[in-house]
Amino acid sequence: MRFISVLKGCAMPLAVAALLVASNANAAEPSPGVTDDTIKIGVTGPLTGPVAVVGGVAEGIRARVEQANAEGGVKMGDGKTRKIDLVIEDDGLDPQRTLANVRKMVEKDQVFALVGTAATPNNLAIGRYITQKKVPNVFMYSGVVSLNAPEWEVGFVPSFSTEADSFAAYLQINKPDAKVAFLYLNTETGQTFMKAFDSAIDGTNIKVIERQPVTSQDPTVETQLNTLKASGADTLVIIAAPRQGGEAIRFQSESGWKPLTLVTNLSSAYPVLQSVGLENAKGIITSDFLKPITSDQKSGDEGVDHYLDAIKAAKVNFVFANTIGQTGYAIGDALIQSLEKLKDPTREELMKVVHNMNGWKNPLLQEGITMTTKEGSDIYPVEALQLYQFDGREYVPLGGALNFEGKTHE
């Protein structure tokens, strides 16, 4: 309860006192994690373990946040400038560790919100908890259409169903009789992609003739790949974590199979291709929504140059061309834009802002691709993709961007 004190010997008109009481009553109380000078944000991701490459999301977020803090902080919509206090925890991409981390960050560290939570199972694991606690989980690194706490969540990367639609569209034009084999992550990620792909090719001559599941923990996927090769498929679609996806890229080349290979954004980052041999990756097709960054030298593109400055200053553990790290940086920028628009420093207001984006720009998004959401119907900020083919040295764009704005589906 707020009280108004009156200095001894001074009289305050009752009308003025009443006005001040009403004004204070209408002011929104800040949510946990907010002071006049700081706002605390939580990040959980795989900083160690077999899929530590995905930890590039957290590293990219850190680089953007440290850059903003070094520039004085974020001037938020309530007129106060605050520095972002990041709490980063390692979960090894284990959903139960993710939940434990989130509980700690919410109950002990008192974070205002979560950002960039990586992977579908991990976001699913915390959905019920964040709903109970009413904690925002914004700009998730997951391409599943809907998780289980939509009122407290918003994604960032395009849906896996959007990527499936783009691959199907490419095949219908360029390989209309394709016989497709799937190497798929045996989670909701892979299931979402395949369901959308099957729907997109319905009524065409494209056929899926073999499917083999993998997990992000599999030490090798050679058995699955040999089964796919033996199926007689002439097209391979890879939906896997970077290590397993990289193994599949190497196999399709070195085994003599050499199908037309389409690789989801999950495992098509340039460092993955380097790890398996650039020559082995020649000809693969992937999708992206970020600007291609092929050099660590200044390009003249303000957004890219700002990114290069940030990762150098932050001494991140990924190379400049790593699209996972780039995505993390873009997520960090989206977070900063959200805070700048936050008129009241409350969790509820943050969700209103991120659920009603209208053509937001982002320094690393490709030209013509913006961020748009609509409360109640569209929780995916980015719904456009550019297809690329690797020529042995770099990714070369295939036609123009494919725009699916407002059309994301299960």
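- Counting heavy atoms from C-beta outward, Val138 and Leu350 have side chains that approach closer than 4.5 Å.
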Stepwise, does the salt bridge (charged side-chain N to carboxylate O under 4.0 Å, His left out) test hold for Lys298 with Asp305?
CA-CA 6 Å; Lys298 292 298 181 69; Asp305 291 347; 5.4 Å; no

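- Geometrically, Lys133 does not engage Trp152 in a cation-pi contact defined by less than 6.0 Å to the ring centre and at most 45° from the axis.
- Considering Tyr184, Phe160, Phe182, Tyr170 in turn, Phe182 is the only one that fulfils the ring-ring contact (aromatic ring centres under 6.0 Å, His included) rule with Phe197.
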Given Arg243 and Glu247, is the salt bridge (charged side-chain N to carboxylate O under 4.0 Å, His left out) satisfied, shown in steps?
CA-CA 6 Å; Arg243 185 159 60 86; Glu247 182 182 350; 5.9 Å; no

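- Thr235 places none of its side-chain heavy atoms less than 4.5 Å from the side chain of Pro259.
- Contact record, Pro158 with Ala384: CG-O, 4.2 Å, taken as the closest heavy-atom pair.
- Of the options Leu93, Val57, Thr98, Asp94, a side-chain contact (heavy atoms from CB on, under 4.5 Å) to Pro46 is made by Leu93 and by none of the others.
- Considering only heavy atoms from C-beta on, Pro136 stays 4.5 Å or farther from Glu153 through its side chain.
- Gln212 and Glu210 are linked by a side-chain donor-acceptor pair at a separation below 3.5 angstrom, with hydrogens and angles left out of the test.
- Expressed to the nearest 0.5 Å, how far CG of Asp288 lies from OG of Ser268 amounts to 6.5 Å.
- Side-chain contact between Thr81 and Met76: absent, with no pair of heavy atoms (C-beta onward) separated by less than 4.5 Å.
- Note: Phe318 and Tyr307 have parallel aromatic rings, judged against thresholds of 30 and 60 degrees for the angle between ring planes.
- At a cut-off of 3.5 Å, with distance as the only test, no side-chain donor of Asp218 or Gln244 sits close to an acceptor on the other residue.
- By the 6.0 Å contact criterion, CD on Glu254 is enclosed, its count of non-hydrogen atoms from other residues, nucleotides or ligands being greater than 12.
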